[in-house]
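Each remark here refers to the structure printed beneath this line.
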There are 2 protein chains.
Amino acid sequence: MVYPSTITDIYAHPGISDADLESIFRAHVKVFFYKGDLILTEGQFSNAYYCLEKGLVRAFARNIDGKDITTGFFSKNEIVIEVASLFLRQPTRENIQALSDCECWMIGYEAFQELFEKIEGFTEWGRTWMSRALLANKQRSLSMITDSATNRYLSLRREQPEVLQVAPLKHIASYLGVTDSSLSRIRKEVAQMGR
Amino acid sequence: MVYPSTITDIYAHPGISDADLESIFRAHVKVFFYKGDLILTEGQFSNAYYCLEKGLVRAFARNIDGKDITTGFFSKNEIVIEVASLFLRQPTRENIQALSDCECWMIGYEAFQELFEKIEGFTEWGRTWMSRALLANKQRSLSMITDSATNRYLSLRREQPEVLQVAPLKHIASYLGVTDSSLSRIRKEVAQMGR
DNA sequence: AAAACTACTTGTCATAAGGCAAGAAATCAA
DNA sequence: TTGATTTCTTGCCTTATGACAAGTAGTTTT
């Protein structure tokens, strides 16, 4: 049987067989979100995660002044998830929002737990996924310290170019840790450099 | 049987029974490091992690100019680990160094894998640990964006006061994302505020 | 005990980014 | 299609932090 490439991509792992993949796929349900929809709101308990087949999603937190800071972007074939709330069973401090119309494969916490217990290689896969997420996060903190705002912008452009196409400047700015005025200037400067 | 509190602290989890804890404890070996020792060096493969019973440890990476940036401090009863190298089986880009004489309970990758396969609740425990680590990391990135250097310093003082006692200023400075001159001034300012 | 380091502080000056505000351009709503 | 709202740019000025360098104090080495 053939599964959506989003599923085969995300769950690709030596310990996961074709039969496993079938059980995994069956545990997912197709869901849609529309531009602007909040997939998760602070204070809620997260109860599922989403394999993103199409669209762009962002996570954001509020700082003390109530200003929202984008903490991450999720692109095609990535898992839209709030780990802390889902796995620590606590209310989330983050919000997750669709930045464009989205198609996802959702899996609920219960179904996930079953797979986690039943499928040998699934826990391994999970650990690997977590390790990668942790690594990515560390690199982000590091780049906040060692790179200039311009370089962080260039990295984002290199690694998630679709974000620059879809997300409004203010979300990108807060993600990069600068104001929108600054990002506007950075962008101008980069455009001139390019010539 | 009674185990070191470092062990009982770190492995405290509903899914882990007393019998489990015994197997877990048996898998650890006591090791010592001395001030300045490198526990892990960039380019090496990490093959173990360490439950820190006594002492202070830091992790650091090098930026493009070769300057070292402290990426984290490990205090008593925390796990000294380089997740990316240990679980993704790849050479590490980080260094881990003892900042004072240390006592640890070490567990090797093989022994860890066995526990992971044998003990039901251990995978759960691992997932929980990873989730917390991810959360902590996210909050760090966020604070690099939303807090001033002074506030980051105050947070560190609140959350890991022992770091300020033991680590030299330059390591603290690079961890906070400022130069040592700046940290020296911040510290002065904070001391004056305190009166 | 002299020499060599390392840790920390302080001064001067430079610079990246922020705060605020105005205005243009694009998008959305009625 | 007109008005309202959001998005983005730009200008002026301020500010936090960096770069560099000198100097003090403490520690380690020989």
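- Using a cutoff of 4.0 Å between basic side-chain nitrogens and carboxylate oxygens, Glu22(A) and Arg26(A) are scored as salt-bridged.
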Next item on the list: Classify every nucleotide of nucleotides 11-26 of chain C by which part a protein heavy atom approaches to under 4.0 Å, writing B for the base, S for the sugar-phosphate alone and - for neither, in 5'-to-3' order.
Entry: BB----SSSB------

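- Residues Arg93(B) and Glu82(B) are not paired through a salt bridge, judged by the lack of any N-O separation under 4.0 Å between the basic side chain and the carboxylate.
- Other residues sharing a hydrophobic cluster with Met144(A) under the 4.5 Å side-chain heavy-atom criterion for ILVMFWY residues are Ile69(A), Leu142(A), Ile145(A), Ile69(B), Leu142(B), Met144(B), Ile145(B).
- Scanning all heavy atoms of the two residues, the minimum distance from Tyr11(A) to Ile16(A) falls at O-CD1, 3.7 Å.
- Remark: Lys30(A) engages Glu103(A) in a salt bridge, criterion side-chain N to carboxylate O under 4.0 Å.
- Checked against salt bridge (Lys or Arg N to Asp or Glu O under 4.0 Å), Arg62(A) has the following partners two or more places apart in sequence or in another chain: Glu42(A).
- Defining each end axis of the helix from dA1(C)-dT30(D) to dA30(C)-dT1(D) as the rotation carrying four pairs' C1' atoms onto the next four, with five pairs an end, the two axes are found to diverge by 50° to 10 degrees.
- Residue pairs meeting the ring-ring contact (aromatic ring centres under 6.0 Å, His included) criterion with at least one partner in residues 155-191 of chain A, sequence neighbours excluded, are Phe73(A)-Tyr175(A).
- No hydrogens or angles considered: a donor-acceptor pair under 3.5 Å links the side chains of Thr6(A) and Asn77(A).
- Chain B approaches DNA chain D over the interval dT17(D) to dC20(D), counting the first and last nucleotide 5' to 3' with an atom under 4.0 Å from its heavy atoms.
- In summary, Asp180(A) and Arg185(A) do not engage in a salt bridge, as defined by a charged side-chain N under 4.0 Å from a carboxylate O.
- Side-chain atoms of Asp147(A) do not come within 3.5 Å of backbone N or O of Asn151(A) as any donor-acceptor pair.
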